[in-house]
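One is the number of the first residue; the rest follow in order along the sequence. Keep in mind it's a predicted model, so treat the numbers as computed, not measured.
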Amino acid sequence: EIEVAIKVVVVGNGAVGKSSMIQRYCKGIFTKDYKKTIGVDFLERQIEVNGEDVRLMLWDTAGQEEFDAITRAYYRGAQACVVAFSTVDRDSFDAVTNWLQKVENEVGQIPSVLVQNKMDLTAESTVTQEETEELATKLNTRLYKTSVKENTNVNEVFRYLAELYLSQ
Ligand code: GDP
Ligand code: MG
């Protein structure tokens, strides 16, 4: 019996790995050519946090973010947020504050986490560790460094978010 269900929106520039992260977390798969979630608004996964059953509903933007055309329906009722950028995409890092702002404009402040994805490509990184830590401090969020490809730290992101939500 589920007592808690959390709508999680995953935002960030196109190609940072949002859809891959949702697929990885909910289906346990990684595909290089994954494009869009077809026919579904979200994927879900159930976890146990402090003895409570929690259902995480992870909403995917299905590529709309590339046209800056995310609809209100996407944000509506969001209870937690993942803001993602890619370690090899400077623009995606620079856009983080803006994405968080968009979410807050629609639903106010909600539990959020900052994710630096594609850490397997760290040799080609376009952001310094100092910069990412500075941003996390400025936004007052925890920073997770993930590789969806190598399945590093993905579970931790969502567990943390669920814990943060429950501790409000
Ligand atoms: P989205 O536009 O933010 O949903 O990004 P996608 O999930 O579609 O991913 C964009 C591309 O990045 C795809 O080719 C993915 O396979 C790739 N990708 C996602 N996560 C990682 C990662 O951790 N490392 C690497 N090397 N590639 C990744
Ligand atoms: Mg996508």
Quiz item: Hey, what else clusters with Leu121 if you join Ile, Leu, Val, Met, Phe, Trp, Tyr whenever side-chain heavy atoms sit under 4.5 Å?
Solution: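 Members alongside Leu121: Val88.
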
At their closest point, which heavy atom of [X] faces which heavy atom of [Y], and how far apart are they?
X: Ile110; Y: Ala78; value: CG2-O, 3.7 Å
X: Val148; Y: Phe30; value: CG1-CD1, 3.7 Å
X: Gly77; Y: Val107; value: N-CG1, 4.2 Å
X: Ala162; Y: Val54; value: CB-CG1, 4.4 Å
X: Leu161; Y: Ala80; value: CG-CB, 3.8 Å
X: Thr132; Y: Leu114; value: O-CD2, 4.4 Å

Self-check item: Listed partners of Asn105 passing side-chain hydrogen bond (donor to acceptor under 3.5 Å, both in side chains), at least two apart
Solution: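 By the side-chain hydrogen bond (donor to acceptor under 3.5 Å, both in side chains) rule, Asn105 matches Gln101.
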
Self-check item: Residues in side-chain hydrogen bond (donor to acceptor under 3.5 Å, both in side chains) contact with Ser112, at least two apart in sequence or another chain
Solution: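 Partners of Ser112 under the side-chain hydrogen bond (donor to acceptor under 3.5 Å, both in side chains) test: none.
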
Practice problem: Determine, using the 4.5 Å side-chain heavy-atom cutoff (strictly less than), whether Tyr144 and Val127 are members of one ILVMFWY cluster. | Solution: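 Yes, because Tyr144 and Val127 connect within a single hydrophobic cluster, where side-chain heavy atoms sit under 4.5 Å apart.
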
Exercise. Just jot down the side-chain contact (heavy atoms from CB on, under 4.5 Å) partners of Ala73, sequence neighbours excluded, or say none.
Key: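 Here the qualifying residues are Thr71, Arg76.
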
Quiz item: Can you tell me how far the CZ atom of Arg24 sits from the CG atom of Leu58, to the nearest 0.5 Å?
Solution: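 The CZ atom of Arg24 sits 14.5 Å away from the CG atom of Leu58.
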
Practice problem: Mark yes or no for whether Arg55, through its side chain, and Val4, through its backbone, hold a donor-acceptor pair below 3.5 Å. | Solution: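 Side chain of Arg55 to backbone of Val4: no pair is present.
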
Quiz prompt | Side-chain donor/acceptor of Lys18 to backbone N/O of Gly12, under 3.5 Å | solution =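 Yes, because the side chain of Lys18 sits within donor-acceptor range (under 3.5 Å) of the backbone of Gly12.
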
Self-check item: Check: Asn117/Ser86 side-chain N/O donor and acceptor closer than 3.5 Å
Solution: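 Side chains of Asn117 and Ser86: no pair found under 3.5 Å.
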
Throw together a table of side-chain donor-acceptor distances under 3.5 angstrom for residues 134-141, partners on residues two or more places apart or in other chains.
from   : atom 1 : to     : atom 2 : distance (Å)
Thr137 : OG1    : Glu133 : O      : 2.9
Lys138 : NZ     : Thr97  : OG1    : 3.3

Quiz item: According to the ring-ring contact (aromatic ring centres under 6.0 Å, His included) rule, which pairs have a member within residues 98-124, sequence neighbours left out?
Solution: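 Sorted pair list comes back empty.
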
Does some side-chain heavy atom of [Y] sit less than 4.5 Å from a side-chain heavy atom of [X]?
X: Leu164; Y: Val113; value: no
X: Val82; Y: Val9; value: no
X: Ile47; Y: Val49; value: yes
X: Met119; Y: Thr152; value: no
X: Met21; Y: Val154; value: yes
X: Trp59; Y: Leu43; value: no
X: Met57; Y: Ile6; value: no
X: Tyr75; Y: Val103; value: yes

Quiz item: Who are the ring-ring contact (aromatic ring centres under 6.0 Å, His included) partners of Tyr74, not counting sequence neighbours?
Solution: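 ring-ring contact (aromatic ring centres under 6.0 Å, His included) list for Tyr74, sorted by chain: empty.
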
Practice problem: Decide yes or no on side chain to side chain contact (heavy atoms under 4.5 Å, CB included) for Thr146 and Gln116, but give the supporting numbers first. | Solution: CA-CA 6 Å; Thr146 64; Gln116 178 176 11; over 6 Å; no

Self-check item: Sole candidate of Asp60, Thr61, Val8 that passes side-chain contact (heavy atoms from CB on, under 4.5 Å) when paired with Ile22
Solution: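 Exactly one option meets the side-chain contact (heavy atoms from CB on, under 4.5 Å) with Ile22, and it is Asp60.
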
Self-check item: From Leu56, Val157, Val10, residue fulfilling side-chain contact (heavy atoms from CB on, under 4.5 Å) relative to Tyr25
Solution: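 Exactly one candidate clears the test, Leu56.
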
Quiz item: What side chain to side chain donor-acceptor pair (under 3.5 Å) pairs are there with at least one residue in residues 156-168, not counting sequence neighbours?
Solution: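 Counting only pairs at least two positions apart or across chains, the side chain to side chain donor-acceptor pair (under 3.5 Å) contacts touching residues 156-168 are Gln79-Tyr165.
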
Quiz item: Could you give all pairs that pass the salt bridge (Lys or Arg N to Asp or Glu O under 4.0 Å) test and reach residues 107-126, with sequence neighbours left out?
Solution: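 Output for this query is empty, none listed.
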
Quiz item: What pairs meet the salt bridge (Lys or Arg N to Asp or Glu O under 4.0 Å) rule with one or both residues in residues 85-113, with sequence neighbours excluded?
Solution: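 Sorted result for residues 85-113: Asp68-Lys102, Arg72-Glu106, Arg90-Asp94, Arg90-Glu131.
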
Self-check item: Lys145 and Val115: CA distance, side-chain angles, deciding distance, side chain to side chain contact (heavy atoms under 4.5 Å, CB included) verdict
Solution: CA-CA 6 Å; Lys145 301 180 180 202; Val115 170; over 6 Å; no

Quiz item: How far apart are the C-alpha atoms of Asn153 and Ser147, what are their side-chain angles, what is the distance that settles it, and do they pass the side chain to side chain contact (heavy atoms under 4.5 Å, CB included) test?
Solution: CA-CA 7 Å; Asn153 253 347; Ser147 168; over 6 Å; no

